[in-house]
Amino acid sequence: MAEQETDLNELMIERRKKLDDLKKAGIEPYNNDFVRSHSITEVLDNFDKLTAEEKKVKIAGRVMALRDHGKSSFADLVDLSGKVQLYAKKGEVGEEKYSLFTDLNIGDHIGIEGTLFETGRGEITVRIQEFKLLAKSLRPLPEKWHGLKDVELRYRQRYVDLIVNPDVKETFIARSKIIHGIRGYLEEKNFLEVQTPLMHPIAGGAAAKPFTTHHNALDTDLYLRIAPELYLKRLLVGGFEKVFEIGKNMRNEGLSRKHNPEFTTLELYQAYADYEDIMDTTEELIKTVAEDVLDDLEITYNDHKIDLNSWNRMTMVEAVNNHTGVDFTNVSTLEEAKSLAEENNLECEEKVSIGEIINEFFEEIVEEKLIQPTFITQYPVEVSPLAKRNSDNPAFTDRFELFIAGNEIANAFSELNDPIDQKERFEKQMEQREAGDDEAHRMDQDFIRALEYGMPPAGGLGIGLDRLVMLLTGSESIKEVILFPHLRPEN
RNA sequence: GGGCCAUUAGCUCAGCUGGUAGAGCACCUGACUUUUAAUCAGGGUGUCGGAGGUUCGACUCCUCCAUGGCUCACCA
């Protein structure tokens, strides 16, 4: 207590004094032996039955309001399930217990035993017979009807945010339901859930800067994973035909409304499937989950009405043509592509391929306009180092990304399983790395070795779960869907 | 990292062209035996984000710094 003295304000001193007084009076402020008979919502829902049997209920929760009327007193008690009003009468509980009750502070946890009645205004209320402090609260809670608004405090002290802002709790319950729904859907389809390493000797499976760490006993540097992809594909080589993993990826990059350094993804791989099968799966998966969580396939996000009943599919070249009028179908030289970029004010001087320029057009101009669910297919091979080439046009890959509300939700492709082509693609990436692109993919010899044993043709999918949760909960910042988002350390 | 904005009581916020800090909630004291944003009477609990500067005088003007938000760049 002494070391905390400096940041104690008047309100906290007051509460510590109360705590000391309780202890002096021999009252335990942190009781541990209270057993509930009902949750608060169970009490409210079974009012008729419980009163008919004149049954005592034992409930526990946090005191969120106190209304002292002299010789009687009301309080609001809140648990996870809901809120109920308490009523204590001096003549019924006795002077000593009554004054303990009125001495409670907002924020205290108590357990109470009592019977139910209905007040004159029709509110179901528990008449207290016995009560016990379960945890004395030593800090004042934020204001009761504006809640806690300061976003920095909300994220740093998420526990307070959760206490006073009910919507926040709803968001994280929805997040849990979404992830639970995904698991249920995939298990139904006989996918095997696996866990692959978080610490990688080579950070692969995505274009990103990794966090570095060090293993002392092995005296070797390791990278926190930027994607589980290459490990999951090794499992296809091993004979698992349908696998998925839900977990964290870490990327050492900037923070934004859409980016947290650690984020959660679903990746799944299915042998003997291709990207079109995966497209069907993606659509069905998201519809299923949305229906679970929202009971509705029409959602509003960022003032956009989004209809999850209708999903568009178009190639990247078509999408660029539709939104910019620039048709790359017959563009065959890099010079031509560069001059088109220049006409459209896109900086493409360092780009070394037509594919990268098409991708630039798409990312810069088209992406944000894709509000309704849209699968963009046929990505240029240069920006898709792990995807299989299209058999009719090898400059493009059998890949899609899903966009909803202008955000990328999913990335998927027919997996490249030709070890020689894969090795060449890694070598191209290595050249880019040497040319200064420190986000280019790294060569992974063991992964090539695995492919050389033979990986069955397969479709793979990655979904950014944080972004999916944002979409389905109407959250405009990724920090709203991550319980403890990354912030600069305090002090 | 660049640009813009914000930072005043535990919380939500006022505070005018520079004159020495306020409200509501919360908290404490008292009244009140069915209230529910309970009410009534009293009590202000503050390094005005930090450090400099200008000024007789700074919450207010200037500079720098810190933290956060939005945004741009990079990325999912």
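In what follows, every chain begins at residue 1, and chains take the letters A, B, ... in the order their sequences are listed. Worth knowing before you read on, the calculation uses all heavy atoms, side chains too, and leaves out hydrogens, waters and symmetry mates.
Counting any heavy atom pair closer than 4.0 Å across all strands shown, A/N105 reaches sugar-phosphate atoms only and no base atom. Residue contacts for A/G147: at a heavy-atom cut-off of 4.0 Å it reaches the sugar-phosphate backbone alone, with no base atom in range. Counting non-hydrogen atoms under 4.0 angstrom, A/R154 reaches nothing in the nucleic acid. Residue A/E439 is in sugar-phosphate contact alone, with no base atom involved, counting any heavy-atom pair closer than 4.0 Å across all strands shown. Using a 4.0 Å heavy-atom cutoff across all strands shown, A/K479 reaches sugar-phosphate atoms only and no base atom. Using a 4.0 Å heavy-atom distance criterion, A/K144 is classed as a sugar-phosphate-only contact. When heavy atoms are screened at a 4.0 angstrom cut-off, A/K149 is found touching the sugar-phosphate backbone but no base atom. Within 4.0 Å (heavy atoms only), A/L148 reaches sugar-phosphate atoms of the nucleic acid but no base atom. No engagement by A/G464 is indicated, since no non-hydrogen atom pair under 4.0 Å with the nucleic acid exists. Note on A/L153: only backbone sugar-phosphate atoms sit closer than 4.0 angstrom, heavy atoms only; bases stay farther off. Contacts of A/D150 with the nucleic acid, taken as non-hydrogen atoms under 4.0 Å apart, involve only primed sugar atoms and P, OP1 or OP2. Within the 4.0 angstrom heavy-atom criterion, only backbone atoms of the sugar-phosphate kind lie near A/R257; the bases stay farther away. Looking at heavy-atom distances under 4.0 Å, A/N260 makes contact with a base. Using a 4.0 Å heavy-atom criterion, one finds that A/K83 contacts no nucleic acid atom at all.
Comparing the P positions of B/C27 and B/G69 gives an interatomic distance of 30 Å, to the nearest angstrom. Separating the P atom of B/A21 from that of B/U71 is a span of 39 Å, rounded to the nearest Å. Only the C1' atoms considered, B/G42 is 36 Å distant from B/A6, to the nearest whole Å. Taking atom C1' in both B/G10 and B/U45, one finds a spacing of 9 Å when rounded to whole Å. One C1' atom belongs to B/U17, the other to B/C61, and the distance between them is 12 Å to the nearest Å. Comparing the P positions of B/C28 and B/C62 gives an interatomic distance of 42 Å, to the nearest angstrom. The P atoms of B/U55 and B/C65 are separated by 23 Å, rounded to the nearest whole Å. Distance noted for atom C1' between B/G44 and B/A23: 11 Å (whole Å).
Contact between the side-chain N/O atoms of A/K18 and the OP1/OP2 oxygens of B/C28 is found at a separation under 4.0 Å. The side chain of A/R488 places an N or O atom within less than 4.0 Å of a non-bridging phosphate oxygen (OP1 or OP2) of B/U67. The phosphate of B/C32 has OP1 or OP2 within less than 4.0 Å of a side-chain N or O from A/K71.
Under the Watson-Crick and G-U wobble criteria, each requiring two contacts below 3.5 Å, nucleotide B/G18 is left unpaired. In a base pair of the Watson-Crick type (N1 to N3 plus N6-O4 or O6-N4) or a G-U wobble (N1-O2 and O6-N3), with each distance short of 3.5 Å, B/C4 is matched with B/G69. Base pairing of B/A26 is made with B/U45, judged by Watson-Crick or G-U wobble geometry with both donor-acceptor distances under 3.5 Å. Nucleotide B/U35 is matched to nothing when pairs are restricted to Watson-Crick or G-U wobble geometry with both distances under 3.5 angstrom. B/C64: Watson-Crick or G-U partner is B/G50, with both key distances under 3.5 Å. Across all strands shown, nothing is found opposite B/U55 as a Watson-Crick or G-U wobble partner with both distances under 3.5 Å.
Neither side chain, A/E415 nor A/Y275, offers a donor N or O lying under 3.5 Å from an acceptor on the other. If you check the side chains of A/S353 and A/E356, you find a donor sitting under 3.5 Å from an acceptor. A donor-acceptor contact under 3.5 angstrom links the side chains of A/R225 and A/T196, judged on distance only.
The aromatic rings of A/Y379 and A/F362 lie perpendicular to each other, with more than 60° between the two planes, well past the 30° mark.
Scanning atom types as modelled, no donor and acceptor separated by under 3.5 angstrom connect the side chain of A/E152 and the base of B/G69. The base of B/U35 sits with one of its N or O atoms less than 3.5 Å from a complementary donor or acceptor on the side chain of A/Q85.
Comparing A/Y87 and A/L104 along RNA chain B, the residue whose closest nucleotide (by nearest heavy atom) sits nearer the 5' end is A/L104.
Residue A/R67 has its side chain nearest to B/U35 when only B/U33, B/A76, B/U35 are considered. The side chain of A/R251 sits closest to B/A76 out of B/G10, B/G69, B/A76. For A/F263, counting side-chain heavy atoms from C-beta on, the closest listed nucleotide (B/U36, B/A76, B/C32) is B/A76.
A salt bridge is absent between A/E253 and A/K209: the closest approach of a Lys/Arg side-chain nitrogen to an acidic carboxylate oxygen does not fall below 4.0 angstrom. Classification of A/R158 and A/D161 as a salt-bridged pair holds, one side-chain N sitting under 4.0 Å from a carboxylate O.
A cation-pi arrangement is absent between A/R127 and A/Y87 under the rule of less than 6.0 angstrom and at most 45 degrees off the ring axis.
Residues A/V194 and A/L235 have side chains in contact (heavy-atom distance under 4.5 Å, counting atoms from C-beta outward).
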